[in-house]
Amino acid sequence: MTEFLLVLLLAILLGWPLGLYLARVMRGDRSPLDAVFGPVERAIYKLLGTDPARGMTWRGYAKAFALSNLVVGLVVWVQFMTQAWLPLNPDGIANMRWDTALHTMVSFLTNTNQQHYSGQAQLSYLSQMVGIVGLQVVTPMMGLAVAVATLRGLFGGRTAARLGDASASPAAVSASDTDRDLGNYWADVTRATLRFMLPLCLLWSALLTWQGVPSTLESGPTVAPIDASAEMKEQKIPLGPVSPMVAAKQLGSNGGGWYGPNSAVALENPTPLSNFIEMLGIVLIPIAITFMVGPLVGRRRLTAMVFGTMLLMSVASTGMSMWSEAYSSTASDPAVMEGKEVRLGVESSALWSGLTTQVNNGSVNAMHDSLAPLTGGVAMVNMLINAIWGGIGCGLQQFLVYLLLSVFLAGLMTGRTPELFGRKLEAPEVRLLALLILLQPLVVLGFSAVTLAIPSITGNSNPSFHGIGQVFYEYTSAFANNGSGFEGLGDATYWWNLSCAIVLALGRFPALIVPLAVAGLLARKRVAPESSGTLHVETPTFALTLVAVVVILTVLQFTPALVLGPIADHLTLAAQ
């Protein structure tokens with residue numbers, strides 16, 4: 001618990017100024033750094049053929065987001081399938097099979113990093129550096145840009161009032177039934193990448209290299225095994241530019257790993273300090289984004305509500321994970337220690353599993369398949385909620401969905417037309433939100449049912465309840481843009497690659513675009529003046545209401561699946 005408190009405290013202390021800085025970046029405020037970044041940004045805008053001052057409607061913003069993902073995705077997919085013929089391949093890695101390449105591309109394009117391959121054996125240095133790390137840097141900023149545009153829409157858009165400018169009058173402009181300016185997608189992504197993400201990645205990469213994480217373009221050495229009785233006479237030690245990838249995977253809420261076992265490998269996570277630095281990287285930017293919200297929209301109390309709600313859920317989830325792993329009735333079972341790094345300890349494994357699923361990160365320092373059953377269940381619940389801290393963009397979008405639905409339900413209970421920040425939440429917006437909420441159980445439970453019903457494609461390595469949990473976890477992780485998994489699942493098949501690619505896309509793009517569309521519709525509406533009956537969302541009472549809505553919409557509707565998986569697994573193991 002001490003390590004959790006230290007990680008959380010340092011993340012808050014660093015996240016607060018980072019959030020204020022990020023708000024200035026996304027507002028486009030003038031800065032002394034303009035002399036450094038300005039020329040680079042102007043060159044990029046010229047290359048893209050865009051005017052950063054020209055805004056976009058929510059439709060234009062969504063189209064630009066979709067176009068950028070389509071182009072980047074196709075380029076990376078082709079690269080994975082042709083890597084054997086490209087440079088920077090000192091270990092002679094072969095081309096990826098088309099379905100594995102497709103799944104890998106979609107996985108990293110959706111900021112999920114679910115891996116059905118082992119990076120050190122199946123990706124060249126070029127594929128890791130350009131295809132993987134390139135997406136790990138850019139895709140989080142794409143999600144952040146869409147989330148920022150959504151926030152602009154909820155407050156009337158840029159033409160209604162420049163965010164943070166109290167002298168503007170949104171009511172005077174939003175009376176017209178026209179789409180509002182939600183910002184320029186290309187400018188938002190460019191500024192966030194250059195001024196925020198890349199400098200942080202450079203710093204984290206240097207810290208990890210200092211701790212011994214490899215950072216080289218040379219081929220790894222070939223050595224003789226220590227155990228002379230081993231059947232192999234020599235072993236190739238895979239190296240490469242590992243530290244930049246680890247920095248990007250942690251800071252960008254990406255997950256994955258250079259090596260198959262991820263940060264459980266000593267090369268990727270060599271020391272207790274590197275373990276702490278990597279855990280801090282998981283939550284740093286998501287926490288910073290909560291501190292960005294208030295300054296960005298000019299409502300400081302909104303930051304307190306968002307941060308307080310997420311903090312409450314995080315402490316409850318982490319406490320449950322650490323109790324389950326160390327003190328529950330199954331904690332002392334020898335089987336639970338399989339798959340954990342003894343040098344890191346049970347507490348650190350439980351803490352990492354909690355944080356990586358509270359955030360859309362998915363990296364691991366222990367195999368989640370080996371967690372105590374209830375710890376694995378908590379990880380599933382974290383991903384089903386998908387907004388405890390959330391990822392960069394997607395997590396905030398999901399939180400805004402819960403916020404809008406809570407406003408709608410609170411309005412029904414008080415007999416008033418639901419309003420958020422003075423704008424009425426009506427049937428078209430609620431239909432879109434309902435569609436998004438229904439999508440999760442339809443996709444996750446549907447694919448889980450089909451996979452479990454056909455044993456020839458299931459691929460689970462465990463019988464009974466834990467085997468059900470393996471399948472349910474994989475699809476939950478894919479839909480939540482998380483990427484972690486119950487290892488032991490035979491997922492390197494055509495079925496798993498293609499079905500997970502579909503789930504990955506359905507979990508990412510609607511979750512970003514639907515809230516953007518709702519915000520665009522709300523931005524067009526006239527602002528109603530506040531009255532004694534106005535619902536104030538920036539209060540502890542509403543925050544508790546929001547938590548209750550989250551529990552009802554996620555945990556309760558998936559209770560049967562959780563009972564058949566981790567809960568039944570726990571009861572079976574405890575009875576032995």
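Note that the structure is a prediction, hence the values are computed from the model and not measured.
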Begin with the C-alpha distance, continue with both residues' side-chain angles, and end with the deciding distance and a verdict on side-chain contact (heavy atoms from CB on, under 4.5 Å) for Arg191 and Phe37. CA-CA 8 Å; Arg191 288 178 62 85; Phe37 295 110; over 6 Å; no
Under 3.5 Å, side chain of [X] to main-chain N/O of [Y], donor-acceptor pair present?
X      : Y      : value
Arg301 : Glu538 : yes
Ser68  : Phe65  : yes
Thr57  : Arg180 : no
Asn262 : Val364 : yes
Thr110 : Val106 : yes
Asn482 : Val359 : yes
Arg24  : Asp29  : no
Thr356 : Trp352 : no
Tyr402 : Ile385 : yes
Gln440 : Leu384 : yes

How many angstroms lie between [atom1] in [X] and [atom2] in [Y], if you round to the nearest 0.5 Å?
X      : Y      : atom1 : atom2 : value
Trp186 : Tyr45  : CH2   : OH    : 12.0 Å
Leu194 : Met141 : CG    : CE    : 11.0 Å
Ile12  : Leu284 : CD1   : CG    : 11.0 Å
Leu154 : Leu182 : CG    : CG    : 9.5 Å
Leu522 : Leu404 : CG    : CG    : 6.5 Å
Met383 : Ile388 : CE    : CD1   : 10.5 Å

Output every pair passing ring-ring contact (aromatic ring centres under 6.0 Å, His included) with a member in residues 538-559, not counting sequence neighbours, ordered by first then second residue.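 Listed once each, the pairs would be none.
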Starting from the C-alpha separation in whole Å, work towards a yes-or-no answer on side chain to side chain donor-acceptor pair (under 3.5 Å) for Asn254 and Asn111. CA-CA 5 Å; Asn254 291 292; Asn111 195 203; 2.6 Å; yes
Verdict with reasoning, Cys201 to Met197, per side-chain contact (heavy atoms from CB on, under 4.5 Å): CA-CA 6 Å; Cys201 286; Met197 186 64 180; 3.6 Å; yes
Which heavy atom in [X] sits nearest to a heavy atom in [Y], and how many Å separate them?
X      : Y      : result
Ser484 : Gly362 : CB-O, 3.4 Å
Tyr473 : His368 : OH-ND1, 2.8 Å
Ser477 : Thr112 : O-CG2, 4.1 Å
Leu102 : Trp77  : N-NE1, 3.3 Å
Cys394 : Asn481 : SG-OD1, 3.3 Å
Ser406 : Leu546 : OG-CA, 3.5 Å

Could you walk me through whether Asp188 and Arg152 pass the salt bridge (charged side-chain N to carboxylate O under 4.0 Å, His left out) test, one step at a time? CA-CA 12 Å; Asp188 288 339; Arg152 291 179 183 135; 2.8 Å; yes
Ignoring hydrogens and geometry beyond distance, is a side-chain donor-acceptor pair present between [X] and [Y] at under 3.5 Å?
X      : Y      : answer
Gln115 : His103 : no
Asn184 : Tyr61  : no
Ser363 : Glu278 : no
Gln114 : Ser107 : no
Tyr475 : Thr451 : yes
Lys249 : Asn361 : no

Are side-chain heavy atoms of [X] and [Y] found at a separation under 4.5 Å?
X      : Y      : value
Phe196 : Ile285 : yes
Val378 : Asn382 : yes
Trp496 : Val471 : yes
Leu200 : Leu251 : yes
Val76  : Leu109 : no
Cys500 : Glu474 : yes
Leu151 : Val293 : yes
Leu436 : Leu432 : no

Determine whether Asn365 and Ser263 satisfy the following criterion, side chain to side chain donor-acceptor pair (under 3.5 Å), listing intermediate values before the conclusion. CA-CA 5 Å; Asn365 71 348; Ser263 289; over 6 Å; no
Using the side-chain contact (heavy atoms from CB on, under 4.5 Å) rule, take Tyr21 and Leu33 through it: C-alpha gap first, then chi angles, then the decisive distance, then the call. CA-CA 12 Å; Tyr21 169 71; Leu33 296 174; 3.7 Å; yes
Partner of Leu296 under side-chain contact (heavy atoms from CB on, under 4.5 Å), chosen from Thr303, Val148, Leu22: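 By the side-chain contact (heavy atoms from CB on, under 4.5 Å) criterion, Leu296 pairs with just one of Thr303, Val148, Leu22: Val148.
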Any salt bridge linking Glu41 with Arg195? Criterion: basic side-chain nitrogen under 4.0 Å from a carboxylate oxygen.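 Here Glu41 pairs with Arg195 in a salt bridge, since their nearest N and O are under 4.0 Å apart.
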Check this for me: does any side-chain nitrogen of one of Glu429 and Lys525 sit under 4.0 Å from a carboxylate oxygen of the other?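 Between Lys525 and Glu429 there is a salt bridge, with a charged N closer than 4.0 Å to a carboxylate O.
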Relative to each other, are the rings of Phe307 and Trp389 parallel, tilted or perpendicular (30° and 60° limits)?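 Correct class here is tilted.
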Which word best sums up how the rings of Phe108 and Tyr117 line up, parallel for under 30°, tilted for 30 to 60°, or perpendicular for over 60°?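 Plane angle between 30° and 60°, so tilted.
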Please test Thr150 against Gln397 for side chain to side chain donor-acceptor pair (under 3.5 Å), starting from the C-alpha separation and ending with a verdict. CA-CA 8 Å; Thr150 302; Gln397 290 290 79; 3.0 Å; yes
Pair Leu8, Leu311 - check side-chain contact (heavy atoms from CB on, under 4.5 Å), show working. CA-CA 9 Å; Leu8 189 61; Leu311 179 63; 3.7 Å; yes
